[in-house]
2 protein chains.
Amino acid sequence: MYTFKGKEYPCCASLTMGMIGGKWKTVILFHLRNGKLRYNELRKEMPTVTERTLSLQLKTLEEDGIIKRTVYTSKPPLKVEYSLTDFGQTLMPVVTSIAEWGVYAVENHAD
Amino acid sequence: MYTFKGKEYPCCASLTMGMIGGKWKTVILFHLRNGKLRYNELRKEMPTVTERTLSLQLKTLEEDGIIKRTVYTSKPPLKVEYSLTDFGQTLMPVVTSIAEWGVYAVENHAD
DNA sequence: CCGTATCCTGGAGGATACTG
DNA sequence: CAGTATCCTCCAGGATACGG
């Protein structure tokens, strides 16, 4: 049994999935792999996610210390950038591994 | 846009998550990393999953060609073993990466 | 530009009882 | 031993409209 951030997980694998699982978190992290992105830039990369869901997932990732949100202007139009924290960087090998297998599967096991 | 097994994914990362996402699939695959296990052996490793859910997840993994189910006896008590397919083996680097990060997080970022 | 507010739905997963 | 069969709950995520 593993405990992390006040939650219990029955396996080390489920702990990780608790942090990056769900439909969108790995996609967000994948798009942040090369540096910061603005909210609308993320939306552009992920055309099929709704605003509400993107917003919620970003907030969860921020609360978990995986990404950080930086606001550059105080008056509208706001400029906000999202980027990986140092802790979030430690997840990059996992995210990369996940992304690479997706490419591998499409290229070698297409139907 | 990526297409795999008749489903569409907006990102290579979401394709992989479509195959191994959810609460239990990575846990099952993690426990099968060293070889075959019987149904009740899996249950022993995963005491908090319900029978129905375990059964459903195993069936999904089998349908996706990731694990294979082998029946050794025709009369009760049945002997059934689950193991990775060759295709499932290609997921092991991903599963290992996920599992190792879980251990890393607990050891280095505990609260 | 960067979100939040509301309302809603589908399906993942749980509890429990039963079967070949 | 290895599951199914039912029934049920809960919440991630979607649709859409509006706000700082």
Side-chain angles (χ1 to χ4, degrees), chain A residues 7-11 13-14 17-29 31-32 36-64 66-83, chain B residues 6-11 13-15 17-29 31-32 36-64 66-83:
Chain A
K7 290 186 97 180
E8 305 227 315
Y9 302 92
C11 172
S14 47
M17 294 305 279
M19 302 290 283
I20 65 169
K23 196 169 173 180
W24 294 110
K25 284 184 192 166
T26 54
V27 180
I28 293 171
L29 297 176
H31 288 305
L32 290 177
K36 31 185 68 174
L37 285 180
R38 299 184 62 173
Y39 180 78
N40 270 5
E41 292 175 325
L42 273 171
R43 289 203 65 204
K44 222 170 187 174
E45 302 275 6
M46 305 162 59
T48 57
V49 73
T50 63
E51 290 190 83
R52 180 192 121 95
T53 298
L54 178 56
S55 191
L56 284 176
Q57 301 305 310
L58 287 169
K59 194 171 292 179
T60 305
L61 287 168
E62 191 189 358
E63 285 168 2
D64 285 337
I66 294 170
I67 65 174
K68 66 169 171 292
R69 179 177 181 276
T70 312
V71 186
Y72 289 97
T73 54
S74 54
K75 299 263 178 196
L78 290 186
K79 180 179 178 181
V80 180
E81 286 187 333
Y82 292 93
S83 58
Chain B
K7 290 186 98 181
E8 305 227 316
Y9 302 91
C11 172
S14 47
L15 190 163
M17 295 305 280
M19 302 290 284
I20 66 170
K23 197 169 174 180
W24 294 111
K25 283 183 191 168
T26 54
V27 180
I28 293 170
L29 296 176
H31 288 306
L32 289 177
K36 32 185 68 176
L37 285 180
R38 299 184 61 173
Y39 181 79
N40 269 4
E41 292 174 325
L42 273 171
R43 289 203 64 205
K44 222 169 187 175
E45 302 276 6
M46 305 162 60
T48 57
V49 73
T50 62
E51 290 189 81
R52 179 192 121 94
T53 298
L54 178 56
S55 191
L56 285 176
Q57 301 304 311
L58 287 169
K59 194 171 293 180
T60 305
L61 286 169
E62 191 189 358
E63 285 168 0
D64 285 337
I66 294 170
I67 66 175
K68 66 171 171 290
R69 179 177 180 276
T70 313
V71 186
Y72 289 97
T73 52
S74 54
K75 300 264 180 198
L78 290 186
K79 181 179 179 182
V80 179
E81 286 186 333
Y82 292 92
S83 58

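Within every chain, numbering begins at 1; the chains are lettered A, B, ... in the order of the sequence lines, protein sequences first and strands thereafter.
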Quiz prompt | Spacing between Leu37(A) atom CG and dG3(C) atom P, to the nearest angstrom | solution = 13 Å
Practice problem: Can you measure from CD1 (Ile67(B)) to OG1 (Thr60(B)) and round to the nearest 0.5 angstrom? | Solution: 9.0 Å
Practice problem: Using whole Å, report how far CG of Leu78(A) lies from P of dC1(C). | Solution: 11 Å
Exercise. For dG3(C), take OP1 and OP2 only and decide whether either is under 4.0 Å from a side-chain N or O of Lys59(A).
Key: no
Quiz item: Mind checking what makes side-chain hydrogen bond (donor to acceptor under 3.5 Å, both in side chains) contact with Glu62(A), not counting sequence neighbours?
Solution: none
Quiz item: Looking at CD1 of Ile20(B) and CD1 of Ile28(B), how far apart are the two atoms once the value is rounded to the nearest 0.5 Å?
Solution: 12.0 Å
Quiz prompt | Separation of dG3(C) P from Lys75(A) NZ (nearest whole Å) | solution = 18 Å
Quiz item: Can you list the residues that meet the side-chain hydrogen bond (donor to acceptor under 3.5 Å, both in side chains) rule with Tyr82(B), with sequence neighbours excluded?
Solution: Arg69(B)
Self-check item: Partners passing salt bridge (charged side-chain N to carboxylate O under 4.0 Å, His left out) against Lys7(B) (at least two apart in sequence or in another chain)
Solution: none
Quiz item: Going by heavy atoms in the side chains, are Pro10(B) and Trp24(A) under 4.5 Å from each other?
Solution: yes
Self-check item: Exercise: identify the closest heavy-atom pair between Lys36(B) and Ser83(B)
Solution: CB-CB, 3.9 Å
Quiz item: Which pair of heavy atoms, one from Gly18(B) and one from Lys25(B), lies closest together, and at what distance?
Solution: O-NZ, 4.0 Å
Practice problem: Name every residue in residues 38-49 of chain A that has at least one heavy atom under 4.0 Å from any atom of DNA chain C, in order of residue number, or write none if there are no such residues. | Solution: Arg38(A), Tyr39(A), Asn40(A)
Quiz item: Through what angle, rounded to 10 degrees, does the axis of the helix from dC1(C)-dG20(D) to dG20(C)-dC1(D) turn between its ends, using five pairs per end?
Solution: 60°
Quiz prompt | Residues which pass side-chain hydrogen bond (donor to acceptor under 3.5 Å, both in side chains) with Lys79(A), listed by chain and number, not counting sequence neighbours | solution = none
Practice problem: Rounded to the nearest 0.5 Å, what's the gap from CG on Leu58(B) to CD1 on Ile66(B)? Could you check? | Solution: 11.5 Å
Quiz item: Between dA12(C) atom C1' and Ile20(B) atom CD1, what is the distance in whole Å?
Solution: 17 Å
Self-check item: Contact interval (first through last nucleotide) of DNA chain D with protein chain B, 4.0 Å heavy-atom
Solution: dC1(D) to dC7(D)
Do any side-chain atoms of residues 43-57 of chain B form donor-acceptor pairs under 3.5 angstrom with protein atoms, and if so which ones, sequence neighbours left out?
{"residue": "Thr50(B)", "atom": "OG1", "partner": "Thr53(B)", "partner atom": "N", "Å": "3.3"}
{"residue": "Thr50(B)", "atom": "OG1", "partner": "Thr53(B)", "partner atom": "OG1", "Å": "2.9"}

Practice problem: Name every residue in residues 51-58 of chain A that has at least one heavy atom under 4.0 Å from any atom of DNA chain D, in order of residue number, or write none if there are no such residues. | Solution: Arg52(A), Thr53(A), Gln57(A)
Quiz prompt | Qualifying residues under side-chain hydrogen bond (donor to acceptor under 3.5 Å, both in side chains), relative to Lys59(B), sequence neighbours excluded | solution = none
Practice problem: Describe the nucleic acid contact of Tyr72(A) in one word from base, sugar-phosphate, nothing, applying a heavy-atom distance below 4.0 Å. | Solution: nothing
Exercise. Look at all strands and tell whether Lys25(B) reaches a base, only sugar-phosphate, or nothing, counting heavy atoms closer than 4.0 Å.
Key: nothing
